[in-house]
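Only one structure is covered here, and it is reproduced in the block below.
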Amino acid sequence: MSIDQIKNLLFLSMRGWRAWLALAICSLPYSALAVTAPTAGQDRGAKVVLAASEYDYPPYCIVNPNGQADGFSVELLRASLKAMGQEVTFQLGPWNEVKQSLVDGRVQVLPLVGRTPEREKLFDFTFPYLTMHGTIVVRDDSSSSIKTLSDLAGKRVAVMRGDNAEEFVRRSNLGATLTTTSTFEEALRELSEGGQDAVIIQKLVALQLMKHAGLSNLRTVGPPLQDFQQSFCFAVRGGDKELLRILNEGLSLVFADGTFRHLHAKWFAPIENSQTSRRRIIVGGDSQYPPYEYLDKNGEPTGYNVDLTKEIAQQLGIDVAFRLGPWNEIRSALAQNEIDVVQGMFYSPEREKTFDFSPAHTVITHAVVVRRGSPMPLNLGELAGKSILVMEGDIMHDAAVELGYAAQLIPVATQEEALRLLASGQGDCALIAKIPALYWIEQWGWKNLQVSDYSVRSPEYSYGFPKNNDHLAALFSEGLANLKATGEYRRIYSKWLGAYDADELIFEKAVKFSLWIVTPTVLLLLGSLIWSRVLRRTVLKRTVELRQEITERKNSEAQLKHLSTHDALTSLANRMLLADRLEQSMHYAQRSGRMVGVLLLDLDRFKIVNDSLGHAVGDQLLIEVARRLRQSVREVDTVARLGGDEFVLLVTEMETIEDASLVATKVLGKLSNPYKLEGRDLSLTASLGISIYPRDGSDGEMLIRNADAAMYQSKRNRSTFSFYAQEMNQTVLATLELEGALRHALERGEFSLHYQPQVLLPSGEILGCEALIRWNHPVRGMISPAEFIPLAEETGLIDPIGAWVIQEACRQAMLWRSEGLPELLIAVNLSARQFRNSNLPQQIKTILADTGMEPNALDLELTESMVMDDPIGARQMMQNLKGLGLSLSLDDFGTGYSSLNYLRQFPVDTLKIDRSFIRDIVVDPSGASVVTSIIDIAHNLGLKAVAEGVETQEQLEFLIQCKCDSFQGFLFSKPLPAEGFSALLRGPRAMRAN
């Protein structure tokens with residue numbers, strides 16, 4: 001009897017996970033791993049790739065009753081390689097052996113590997129095809145007090161050996177006693193029997209194993225583990241670039257042709273349905289948002305959204321119950337998991353931080369409503385100074401706050417109430433969805449209200465879910481796709497919204513009008529010749545009016561159709577139209593053998609314009625940028641705005657890659673010319689990234705993503721362009737990982753301050769110190785401020801970090817005083833973002849009050865470039881800080897472009913001479929002259945001069961001769977931690993400088 005026959009008989013004679021374990025054990029005497037033979041349908045001529053798969057990680061990697069590798073990830077790998085004309089055979093085994101087989105080169109690829117920093121040293125990864133969060137499993141009894149990761153301290157925690165759950169636990173320093181097992185089922189059994197207190201595992205795997213192993217006394221607890229996010233990829237040996245390229249391309253193809261969605265539904269739908277079928281799905285919605293969703297006269301839910309949800313529920317066989325109410329209550333209930341899904345929620349990047357979204361099921365245009373006779377604002381920028389009625393919590397409420405109109409808003413509970421108040425004379429205008437506005441105006445006869453013809457926003461309208469409820473989001477997304485494929489979606493859309501798309505029928509009006517004419521005409525027929533003439537004139541006039549109304553309606557509809565595919569501010573193509581044209585361009589390029597260029601552009605330092613000059617000026621600038629971009633390309637090319645200050649240029653029918661370079665050079669040149677806005681001359685640059693079809697991707701999403709990675713490379717130097725290279729994705733991922741770690745560094749206490757002494761000349765006594773931040777990363781160790789400070793600036797994290805630096809420096813200074821050490825002037829560097837924050841003086845005032853620090857003991861260091869960006873605003877901020885009694889220093893003096901006139905007006909106390917001038921003062925006469933001049937300027941203006949970066953005795957003697965007031969540098973001391981600086985202060989406090 002053959003080995004395969006033995007295995008099959010053994011498998012068929014047993015059930016459950018024990019059969020799979022026995023199957024693996026049976027195979028071990030013949031090979032460390034069992035090889036799955038090719039199926040009968042495989043093409044013998046195709047190239048065969050050797051893979052290895054776990055047998056106990058459902059539903060991703062399992063063994064079917066025929067003893068072959070199966071599961072979602074296994075089938076996905078087969079489909080990806082098949083799309084590239086290749087086949088695959090699988091070896092089976094426990095995870096540790098599977099992983100080692102790839103390390104040793106016995107196989108070429110693994111279908112399911114969570115990407116972690118530790119594994120990146122061994123393997124190369126495809127782009128992630130699935131992202132899941134981990135969970136905590138405990139016994140289902142009242143004795144368990146474990147709810148979150150912090151509760152695991154001192155507990156016994158089990159994980160599968162070699163799994164990224166083990167790597168996560170070891171990285172996190174939870175204070176738990178860690179046990180590793182050969183499989184997760186073994187770990188769960190130990191937990192069930194009381195041998196462990198918890199297991200950390202991926203949630204879907206846990207649910208499957210608990211069900212099949214009959215471990216009914218276990219349950220998952222707490223929210224999804226945000227820090228334990230598993231990005232599942234295919235993995236190859238490090239350096240196998242050719243196979244990695246094949247896998248990435250094949251994976252892209254199965255995403256594009258629907259195979260991925262089919263496999264996802266096949267393997268996950270049964271699990272998801274088993275979860276959702278246990279209870280009724282609660283679907284929330286707005287009770288007053290007709291015709292999309294509302295309560296009818298009997299109090300029953302009805303509308304477009306309701307019919308859509310009912311049809312999805314019927315197709316998928318799930319039980320749903322509707323809960324319609326005030327929007328703010330429904331939104332809050334979704335956030336608190338009191339309801340499972342909201343059937344109509346507008347997408348925005350801010351909302352995506354709290355909720356997950358399905359693909360959009362429609363796009364809803366929003367408009368401005370005013371009373372007739374009032375001027376109609378031409379855009380949102382003209383709402384400044386007006387009182388605005390808006391539904392609280394609505395997407396337009398968020399937009400108005402974002403535009404700086406919070407003080408002008410009159411928030412109300414519903415859109416109907418906003419229109420009612422406006423019709424009664426309250427408020428100047430209302431921001432509201434256009435179709436509900438037309439509905440309510442007709443319903444209540446508010447003829448004194450007028451709706452704008454244009455759209456001010458056209459957000460995507462989707463199903464919304466609590467964060468990390470992936471199975472429910474996938475379920476409704478699949479149902480929505482099915483409706484669109486069968487045509488049922490179009491029927492529902494036509495039923496509720498078709499009337500707003502078609503020309504208004506005038507038959508009923510014509511009949512009523514005719515009756516109104518015919519009746520009096522019959523009664524007055526014998527003696528109404530004059531009346532009939534008047535009547536004919538009236539009919540003619542009314543006919544002209546009706547024609548005009550129809551023309552206006554058609555024009556309005558044409559404008560609405562335009563706004564559904566174009567950006568409201570710039571009239572450029574929007575994301576939806578860009579995707580359509582990009583797909584067409586790729587098809588044409590495929591036939592013609594030409595290339596398509598995707599140029600993604602981001603304006604440099606645009607946020608400074610918005611913050612300093614206001615959103616109205618920022619909008620004008622974006623409109624002018626759009627105009628210049630149109631002038632830079634041909635008619636057959638497309639210019640689109642993705643949002644904010646991001647634009648995409650789609651360059652078609654390219655014969656060479658140099659064509660994209662020429663366009664990029666032309667664009668950057670046009671954008672660098674000055675902009676004249678509201679009497680100001682503004683300078684602006686842009687960074688640009690380029691990806692090329694088919695070289696850099698086979699679908700539009702991948703091309704845009706790769707162009708974005710190239711753009712981030714350009715951001716390092718600004719005002720330049722870069723072509724995509726595969727390594728850039730790794731750079732972007734590394735930056736994103738660093739950003740993620742930076743977001744938690746403060747709360748985890750990973751920052752510390754080092755202090756470098758400032759020494760008085762010529763005495764050599766310590767008069768103060770400069771506080772310098774350090775980041776001790778738990779994995780990478782010490783990270784240079786030059787690497788993480790720019791990232792903190794870009795992400796806005798510099799605000800809390802900067803505040804912590806000031807607080808910690810003041811706290812440490814007061815601690816030194818309490819220990820009997822002398823009072824010192826302590827200097828802290830301010831970032832540009834902190835300096836622009838109007839709340840900075842109050843923030844520092846609060847810190848001084850909390851720590852007991854005297855204002856004159858704190859020195860704030862500002863850079864030249866920081867104050868010269870906006871000299872007038874900088875002077876005002878400096879005066880406010882001086883008003884607190886603080887000392888101010890101008891750091892790195894001589895490297896910027898300070899005007900002596902401005903310097904005379906700035907209320908600074910000290911000029912700090914940049915180390916680049918100090919370095920060569922002994923050997924370079926010109927450098928020595930610059931330093932001498934800076935010291936003279938400082939003294940003539942009544943300021944102190946401090947030299948930075950002093951490292952040699954010769955440099956120090958030169959500074960003493962020039963009567964420099966003080967210095968800091970390695971000659972005296974490097975920056976020291978607080979304990980080291982304390983010891984320095986307790987020792988001899990002077991050096992022999994002369």
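All heavy atoms count here, side chains included; hydrogens, waters and symmetry mates do not.
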Nearest atoms (heavy-atom pairs only) where [X] meets [Y]:
| X | Y | result |
| --- | --- | --- |
| M586 | G700 | CE-N, 3.6 Å |
| F90 | P111 | CE2-CG, 4.2 Å |
| A52 | L110 | O-CD2, 3.4 Å |
| L572 | R641 | CB-N, 4.1 Å |
| V199 | A187 | CG2-O, 3.6 Å |
| D240 | V236 | O-CG2, 3.9 Å |

If only side-chain N and O atoms count, and only distance matters, is there a donor-acceptor pair under 3.5 Å linking S462 with S358?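 Short answer, no.
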Salt-bridge test for [X] and [Y]: reply yes if a basic N is under 4.0 Å from a carboxylate O, no otherwise.
| X | Y | value |
| --- | --- | --- |
| E167 | R170 | no |
| D637 | R634 | yes |
| R115 | E120 | yes |
| R575 | E460 | no |

Assess whether atom NE2 of H262 is packed by more than 12 heavy atoms of other residues, nucleotides or ligands within 6.0 Å.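 Incorrect, the count does not exceed 12.
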Can you establish whether the number of heavy atoms outside K82 located under 6.0 Å from its atom NZ is more than 12?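 Open: at most 12 neighbouring heavy atoms sit under 6.0 Å from NZ of K82.
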Are [X] and [Y] packed together at the side-chain level, in the sense that at least one heavy-atom pair is separated by less than 4.5 angstrom?
| X | Y | result |
| --- | --- | --- |
| V109 | L102 | no |
| T685 | T720 | no |
| L130 | L76 | no |
| V598 | D696 | no |
| E646 | D708 | yes |
| F123 | K99 | yes |
| D70 | E75 | yes |
| V113 | C233 | no |

Backbone of [Y] reached by a side-chain donor or acceptor of [X] within 3.5 Å:
| X | Y | result |
| --- | --- | --- |
| D124 | G239 | yes |
| S784 | A786 | yes |
| R161 | N96 | no |
| N66 | Q68 | no |
| S101 | V98 | yes |
| D699 | E701 | yes |

Option from V636, V596, L650 for which side-chain contact (heavy atoms from CB on, under 4.5 Å) with R581 holds: L650
What's the separation between atom [atom1] in [X] and atom [atom2] in [Y], rounded to the nearest 0.5 Å?
| X | Y | atom1 | atom2 | result |
| --- | --- | --- | --- | --- |
| E242 | L247 | CD | CG | 10.0 Å |
| E658 | T665 | CD | OG1 | 11.0 Å |
| R594 | Y588 | CZ | OH | 5.5 Å |
| M702 | R705 | CE | CZ | 5.5 Å |
| L582 | T652 | CG | OG1 | 10.5 Å |
| E653 | M595 | CD | CE | 12.5 Å |

Under the side-chain contact (heavy atoms from CB on, under 4.5 Å) rule, what do V74 and L77 come out as? Steps first, then yes or no, please. CA-CA 5 Å; V74 170; L77 180 58; 6.0 Å; no
Per the ring-ring contact (aromatic ring centres under 6.0 Å, His included) rule, which among W95, F232, F234 passes with Y60?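 Result: among W95, F232, F234, F232 is the only option passing the ring-ring contact (aromatic ring centres under 6.0 Å, His included) with Y60.
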Stepwise, does the side-chain contact (heavy atoms from CB on, under 4.5 Å) test hold for L599 with F721? CA-CA 9 Å; L599 286 68; F721 65 88; over 6 Å; no
Can you give the donor-acceptor pairs under 3.5 Å from side chains of residues 686-693 to other protein atoms, not counting sequence neighbours?
residue: S687; atom: OG; partner: D604; partner atom: OD1; Å: 2.8
residue: S687; atom: OG; partner: D604; partner atom: OD2; Å: 3.4
residue: S691; atom: OG; partner: L703; partner atom: O; Å: 2.7

Working for side-chain contact (heavy atoms from CB on, under 4.5 Å), residues T89 and L50: CA-CA 5 Å; T89 60; L50 190 59; 3.2 Å; yes
Is there a side-chain contact (heavy atoms from CB on, under 4.5 Å) between E118 and R171? Walk through the geometry before answering. CA-CA 10 Å; E118 294 86 352; R171 281 198 309 270; 2.9 Å; yes
For the residue pair F184 and Y57, categorise the inter-ring angle as parallel (less than 30°), tilted (30 to 60°) or perpendicular (more than 60°). tilted
